[in-house]
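Proteins come first, then strands; the chains are lettered A, B, ... in the order of their sequence lines, and each starts at number 1.
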Protein chains: 2
Amino acid sequence: MDFLPALRELVRTYQAFDAFSGQHIRKLGLTMSQFDVIATLGNTAGMSCRDIGEKTLMVKGTLTGVLDRLEKKQLITRVENPHDKRSVLVHLTPAGQRIFEDAFPAHLAYLEPAFRRLGKERLDTLQQELAALRQALEQTGKS
Amino acid sequence: MDFLPALRELVRTYQAFDAFSGQHIRKLGLTMSQFDVIATLGNTAGMSCRDIGEKTLMVKGTLTGVLDRLEKKQLITRVENPHDKRSVLVHLTPAGQRIFEDAFPAHLAYLEPAFRRLGKERLDTLQQELAALRQALEQTGKS
DNA sequence: CAAAAATAGTACGAACGCGTACAATATAGT
DNA sequence: ACTATATTGTACGCGTTCGTACTATTTTTG
């Protein structure tokens with residue numbers, strides 16, 4: 001079975017999205033990962049690294065570095081979790097909150113036209129087939 | 001329009017593939033990028049960096065480093081192109097050729113069961129929808 | 001309760017990935 | 001021919017990504 005074309009298209013499309021999205025975000029002085037963390041942290045009362053990693057799909061080792069740079073930019077703070085001294089709670093600072101309120105809707109508005117071109121139906125189909133492939137990969141990986 | 005779920009699935013699926021594929025390739029002492037270059041170079045009489053980059057979707061700056069490491073491993077060589085002194089021709093060494101002949105089919109065989117689970121039809125659909133999304137992204141990026 | 005196993009986060013090294021700048025060479029335009 | 005422009009690859013810095021190892025805490029178990 002010749003799955004290489006589909007595979008190739010997966011990579012190409014992912015990269016196209018990454019380029020398209022990243023181009024906009026870099027203008028705000030952020031990286032995709034940093035933006036992702038800020039978007040995740042918005043409208044929350046603080047999250048552990050573990051939870052952030054789960055949402056953003058970053059492994060914890062990666063997250064440490066991203067948080068370090070966000071902390072240096074004074075967009076987030078790390079405070080000790082009183083209930084579990086192993087973990088920390090990550091919060092947006094007021095400056096981080098401001099970026100969330102400005103940049104997040106702006107970025108959605110930037111992305112929207114591209115996805116609108118596809119239409120809801122095709123987008124749904126795409127999502128389903130992607131999920132099926134992912135499951136196939138994860139299932140095969142286990143066995 | 002709520003495109004975030006589809007977007008999220010794109011990223012998750014890409015990462016799932018990357019993890020699944022990379023896991024196998026790392027056992028051969030290669031990285032995905034290195035494997036990609038070797039697979040591209042197999043059955044050719046040598047290619048320029050430009051062409052390799054086009055096939056593997058790496059930007060030239062990235063490629064320089066990957067080629068450096070492959071050269072250090074003595075899997076490729078860089079020879080001057082007599083027709084155009086700006087460019088170099090990248091070849092597989094005999095050792096590189098051996099890896100291509102062994103690892104490339106082995107890796108396809110490793111990937112195949114996962115894709116087989118989806119079936120040809122769903123795979124085709126997936127490819128089409130991905131291509132549509134990519135075009136939408138590229139079109140929107142231009143205008 | 002004490003030892004063993006799990007969990008949270010950090011530290012670190014290797015490799016990518018991208019943007020920018022740069023040197024060498026080719027190609028166009030005049 | 002000569003200059004302006006484009007192309008090829010490298011150099012470099014910043015940030016990400018991953019795997020592995022490690023410390024500090026829970027949590028589980030015997």
Could you give the side-chain donor-acceptor pairs of residues 76-85 of chain B under 3.5 Å, partners two or more places apart or in another chain?
from, atom 1, to, atom 2, distance (Å)
B:R78, NE, B:E71, OE1, 3.2
B:R78, NH2, B:D68, OD1, 2.2
B:R78, NH2, B:E71, OE1, 3.2
B:N81, OD1, B:H83, N, 2.8
B:N81, ND2, B:S87, OG, 3.2
B:D84, OD1, B:R86, N, 3.0
B:D84, OD1, B:R86, NE, 3.1
B:D84, OD2, B:R86, NE, 3.4
B:D84, OD2, B:R86, NH2, 2.8

Let me check something: any side-chain donor-acceptor pairs from residues 94-106 of chain B under 3.5 Å, sequence neighbours excluded? List them with distances.
from, atom 1, to, atom 2, distance (Å)
B:Q97, NE2, B:E101, OE2, 2.9

Show which side-chain atoms of residues 14-30 of chain B pair as donor or acceptor with protein atoms under 3.5 Å away, not counting sequence neighbours.
from, atom 1, to, atom 2, distance (Å)
B:Q15, NE2, A:L57, O, 3.4
B:S21, OG, B:H107, NE2, 2.8
B:H24, ND1, B:H107, ND1, 2.8

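Between B:Q135 atom CD and A:R117 atom CZ the span is 10.0 Å, to the nearest 0.5 Å.
Bracketed by its first and final contacts, the part of DNA chain C lying under 4.0 Å from non-hydrogen atoms of chain B reaches from C:dA15 to C:dA26 in 5' to 3' order.
The backbone N or O of A:L130 sits less than 3.5 Å from a side-chain atom of B:T13, completing a donor-acceptor pair. Checking side-chain atoms of A:T40 against main-chain N and O of A:I52 turns up no donor-acceptor pair under 3.5 Å. Within the 3.5 Å criterion, the main-chain N or O of B:V37 finds no donor-acceptor partner in the side chain of B:T56.
At the heavy-atom level, B:D84 lies under 4.0 Å from the strands shown only through sugar-phosphate atoms.
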Q) After noting the C-alpha distance and the side-chain angles of B:L89 and B:M47, does the key distance pass the side chain to side chain contact (heavy atoms under 4.5 Å, CB included) rule? A) CA-CA 5 Å; B:L89 283 179; B:M47 292 173 70; 5.8 Å; no
Q.
Set out, in order, the CA-CA distance, both residues' side-chain angles and the distance that settles salt bridge (Lys or Arg N to Asp or Glu O under 4.0 Å) for A:K120 and A:D124, then state yes or no.
A. CA-CA 6 Å; A:K120 175 160 176 33; A:D124 281 350; 3.0 Å; yes
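A:L108 and A:L92 fall within a single hydrophobic cluster, where Ile, Leu, Val, Met, Phe, Trp and Tyr side chains are chained together by heavy-atom contacts under 4.5 Å.
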Q: Using a 4.0 Å cut-off on protein heavy atoms (strictly under), produce a 5'-to-3' string for nucleotides 9-21 of chain D with B for base contact, S for backbone-only sugar-phosphate contact, and - for none.
A: BB----SBBBS--
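The rotation axes computed at either terminus of the helix from C:dC1-D:dG30 to C:dT30-D:dA1 lie 30° apart, taking five pairs at each end and rounding to 10 degrees.
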